[in-house]
Peer 1: 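Mind looking over this structure? Questions follow.
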Amino acid sequence: MKLKIALTCPDADAAKPWRNALTTQLLALGADAEIALWPERFADPDYALVWGAGQGFLDAHRGVKALFTLGAGVDGLLKLDVPAAMPIIRIEDGGMAAQMAEYVCHAALRHVRQFDVYESAMRTSAAGGGAWQPLEPRRPAQFPVGIMGMGALGSRVAQALQAFGFPVNGWSRSAKEIPGVASFGGEASLDRFLQASRILVCMLPLTPDTRDLINRARLQQLQSPGYFINVARGAHVVEADLLALIDSGHLAGAALDVFREEPLPASHPFRAHPRIALTPHTAAQTLIDESAQQIAHKIVALERGESVGGLVDRSRAY
Ligand SMILES: NC(=O)c1ccc[n+]([C@@H]2O[C@H](COP(=O)([O-])OP(=O)(O)OC[C@H]3O[C@@H](n4cnc5c(N)ncnc54)[C@H](OP(=O)(O)O)[C@@H]3O)[C@@H](O)[C@H]2O)c1
């Protein structure tokens, strides 16, 4: 039997590689599939794949067996009206965990080794002729890192940081047992987790419980001068509180990949801030081949009546 799969992407150029990769991966597993690129559509599709779905696409595919998102986060999708009974399945890692590890280790090491300070000193000294000045050495061991969110991505980042000698604390809803990581579970342990950390990394999903979680009261508990890295979602953070704490010196700076408004407006105070490093929501991008392979395996498993990972729990919103 030929599976009918509906796919929507922000533009046709992005959709075609997904269609090719998924067709190849399904064929490799012995499954024959026809994939329609929205607004092409089937009357009775089996599965739908969404990247930046609109309500029109969801309304046209209310009967599918499962809805696959082509990313790790589902906060955008859950703002839409998705039928309560429709299983939503997200990408688990799909090549993103290694990219997150690279991003967070780079940001943490850049801060600890003060490469940002050297870069700026070398630039300003080009005119003035000075500032060829090695600073006192600092070691990762002096900078305990607190990772908020120890899921598919956070747990991989923890491993990578440990390899550089960072002490690692992990905070999640349920406490974890990860070798070498001090684990904190649930809201009751949040203050202790923050007080034990100097660099804070946000890797949480955006849910009603985590929106605005990172505010002045929470950031103030970090060991000072602390540092903040956000690779999750902008709405986790009260941006004015973060700025105030950097300007007061309680935080030495921040590396931010995500923002409350994206693209980050040209006039936003983060743009020109000397102690904030910015990237355009690119810390970890979905890799098509890895992700298509994962989705193909899950479709085949679902067709066999088996359960699959990455099923979104609608009551938790992640
Ligand atoms: N910037 C980028 O380029 C980019 C790329 C990909 C993903 N992301 C973001 O990264 C997020 C994390 O992805 P993931 O795949 O690692 O997600 P995941 O596997 O679902 O892990 C989420 C983690 O957060 C914890 N958590 C959720 N709600 C919590 C709460 N209220 N209090 C404490 N801990 C809580 C979970 O705890 P339990 O383990 O106890 O359930 C889990 O450890 C995504 O949702 C997405 O927003 C960003």
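Order of listing sets the numbers, starting from 1, for every ligand and every atom in it. FYI, side chains are in, hydrogens and waters are out, and symmetry mates aren't considered; it's all heavy atoms of this structure. Positions are given from 1 along the sequence.
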Peer 1: Do me a favour and list the nearest non-hydrogen protein atom to atom 17 (O) of ligand 1 with residue, atom name and distance?
Peer 2: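 In this structure, atom 17 (O) of ligand 1 has Arg90 NH2, 3.6 Å as its nearest protein heavy atom.
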Peer 1: Below 3.5 Å, N or O to N or O, backbone or side chain included: is there any such pair between Thr210 and ligand 1?
Peer 2: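 Thr210 vs ligand 1: no N/O contact under 3.5 Å.
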Peer 1: Just to check, does Glu92 reach to within less than 4.0 Å of ligand 1 when the distance is taken from its heavy atoms?
Peer 2: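 So Glu92 does not count as touching ligand 1.
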Peer 1: Starting from atom 26 (N) of ligand 1, find the nearest protein heavy-atom neighbour and note its residue, name and distance.
Peer 2: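 Protein heavy atom with the smallest distance to atom 26 (N) of ligand 1: Leu204 CD2, 3.7 Å.
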Peer 1: Under a 3.5 Å threshold, yes or no: a donor from one side chain and an acceptor from the other, between Glu239 and His268?
Peer 2: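 Yes - a donor-acceptor pair under 3.5 Å links their side chains.
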Peer 1: Check each of Leu206, Leu153, Thr282 against atom 7 (C) of ligand 1 and report the one with the nearest heavy atom.
Peer 2: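 Among Leu206, Leu153, Thr282, the closest heavy atom to atom 7 (C) of ligand 1 belongs to Leu153.
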Peer 1: Let me confirm one number: the OG1-CG distance from Thr210 to Asp75, rounded to the nearest 0.5 Å.
Peer 2: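 One finds 8.5 Å between OG1 of Thr210 and CG of Asp75.
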Peer 1: Quick one: NZ on Lys16 to CG on Asp11, what's the gap to the nearest 0.5 Å?
Peer 2: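 So the gap between those two atoms works out to 9.5 Å.
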Peer 1: For atom 48 (C) of ligand 1, which of Val231, Leu213, Ile91, Asn230 has the closest heavy atom?
Peer 2: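 Result: the heavy atom closest to atom 48 (C) of ligand 1 is in Val231.
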Peer 1: Any chance you could measure Asn20, atom CG, to Ile288, atom CD1, to the nearest 0.5 Å?
Peer 2: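 Between atom CG of Asn20 and atom CD1 of Ile288 there are 9.0 Å.
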Peer 1: What residue and heavy atom of the protein are closest to atom 32 (N) of ligand 1, and at what distance?
Peer 2: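 I find the closest protein heavy atom is Trp171 CH2, 3.3 Å.
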Peer 1: Looking at every non-hydrogen atom in both residues, tell me the closest pair between Val112 and Arg138 and how far apart they are.
Peer 2: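 Nearest pair, atom of Val112 first, then Arg138: O-NE, 2.9 Å.
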Peer 1: Tell me who clusters with Leu135, hydrophobic residues only, linked when side chains sit under 4.5 Å apart either directly or through other members.
Peer 2: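 ILVMFWY cluster around Leu135 also holds Phe115, Val117, Tyr118.
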Peer 1: May I ask you to list the atoms of ligand 1 that are less than 4.0 angstrom from any heavy atom of Asp257?
Peer 2: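 Close to Asp257: 1 (N), 2 (C), 3 (O).
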Peer 1: Counting non-hydrogen protein atoms only, what is the nearest one to atom 30 (C) of ligand 1? Give residue, atom name and distance.
Peer 2: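 Of the protein heavy atoms, Arg173 CG, 3.4 Å lies nearest.
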Peer 1: Does Val258 approach ligand 1 within less than 4.0 angstrom via side chain, backbone, both or neither, non-hydrogen atoms only?
Peer 2: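 Val258 to ligand 1: side-chain contact only, backbone stays beyond 4.0 Å.
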Peer 1: Would you mind checking if Arg218 and Asp212 are paired as a salt bridge, meaning a charged N to carboxylate O distance below 4.0 Å?
Peer 2: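 Salt bridge absent between Asp212 and Arg218.
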Peer 1: For ligand 1, which atoms sit closer than 4.0 Å to a heavy atom of His281?
Peer 2: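 Those atoms are 1 (N), 2 (C), 3 (O).
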Peer 1: Of all the atoms in ligand 1, which lie at a distance below 4.0 Å from a heavy atom belonging to Ser174?
Peer 2: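 Answer, ordered by atom number: 38 (P), 40 (O).
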Peer 1: With respect to Asp209, determine whether any N or O atom, backbone or side chain, lies less than 3.5 Å from an N or O atom of ligand 1.
Peer 2: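 No: no nitrogen or oxygen of Asp209 is under 3.5 Å from one in ligand 1.
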Peer 1: Going by heavy atoms in the side chains, are Leu204 and Asp209 under 4.5 Å from each other?
Peer 2: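 Side-chain contact under 4.5 Å: no.
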Peer 1: Going by distance only, is there an N or O of Ala152 that falls short of 3.5 Å from an N or O of ligand 1?
Peer 2: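 For ligand 1, there is an N or O atom that lies under 3.5 Å from one belonging to Ala152.
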Peer 1: Could you tell me which non-hydrogen atom of Arg110 sits nearest to which non-hydrogen atom of Ala277, and how far apart they are?
Peer 2: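 Scanning both residues completely, I find the closest heavy atoms to be NH1-CB, 3.9 Å.
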Peer 1: Begin with the C-alpha distance, continue with both residues' side-chain angles, and end with the deciding distance and a verdict on salt bridge (Lys or Arg N to Asp or Glu O under 4.0 Å) for Asp59 and Arg62.
Peer 2: CA-CA 6 Å; Asp59 290 344; Arg62 292 183 95 79; 2.8 Å; yes
Peer 1: Quick one: nearest non-hydrogen protein atom to atom 21 (O) of ligand 1, plus distance?
Peer 2: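 Result for atom 21 (O) of ligand 1: Gly151 CA, 3.2 Å.
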Peer 1: Out of Trp38, Phe42, Tyr47, which one pairs with His61 under the ring pair (Phe, Tyr, Trp, His ring centres under 6.0 Å) rule?
Peer 2: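 Answer to the ring pair (Phe, Tyr, Trp, His ring centres under 6.0 Å) test with His61 among Trp38, Phe42, Tyr47: Trp38.
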Peer 1: Of all the non-hydrogen atoms in the protein, which one sits nearest to atom 6 (C) of ligand 1, and at what distance?
Peer 2: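 The closest one turns out to be Met96 SD, 3.6 Å.
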Peer 1: If the plane angle is over 60° it's perpendicular, under 30° parallel, otherwise tilted; pick one for His111 and Tyr227.
Peer 2: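 His111 vs Tyr227 ring planes: parallel.
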Peer 1: Would you mind checking which non-hydrogen protein atom is closest to atom 39 (O) of ligand 1, with the distance to 0.1 Å?
Peer 2: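 For atom 39 (O) of ligand 1, the nearest protein heavy atom is Lys176 NZ, 2.7 Å.
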Peer 1: With rounding to the nearest 0.5 Å, note down the distance linking CG in Leu161 to CZ in Phe143.
Peer 2: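 With rounding to 0.5 Å, CG (Leu161) is 13.0 Å from CZ (Phe143).
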Peer 1: Could you tell me which atoms of ligand 1, counted from 1 in the order shown, lie closer than 4.0 angstrom to a heavy atom of Met203?
Peer 2: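 What qualifies from ligand 1 is 11 (C), 12 (C).
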Peer 1: Please state whether Met100 comes within less than 4.0 angstrom of ligand 1, counting heavy atoms only.
Peer 2: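 For ligand 1, residue contact (heavy atoms, under 4.0 Å) with Met100 is present.
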Peer 1: Under the criterion salt bridge (Lys or Arg N to Asp or Glu O under 4.0 Å), which of Lys65, Lys4, Lys2 is the partner of Asp46?
Peer 2: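 Output: one option passes, namely Lys65.
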Peer 1: May I ask you to check whether Ala284 has an N/O atom sitting below 3.5 Å from an N/O atom of ligand 1?
Peer 2: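 The answer is yes, given that Ala284 and ligand 1 share an N or O pair closer than 3.5 Å.
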Peer 1: Using a heavy-atom cut-off of under 4.0 Å, does the side chain or the backbone of Met148 touch ligand 1, or both, or neither?
Peer 2: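 Answer for Met148: neither.
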Peer 1: For atom 41 (O) of ligand 1, find the nearest protein heavy atom and state the residue, atom name and distance (0.1 Å precision).
Peer 2: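 Scanning the protein heavy atoms, the shortest distance from atom 41 (O) of ligand 1 goes to Tyr318 OH, 2.5 Å.
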Peer 1: At a 4.0 Å threshold, what atoms of ligand 1 neighbour a non-hydrogen atom of Gly73?
Peer 2: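 The list of qualifying atoms is 44 (C), 45 (O), 46 (C).
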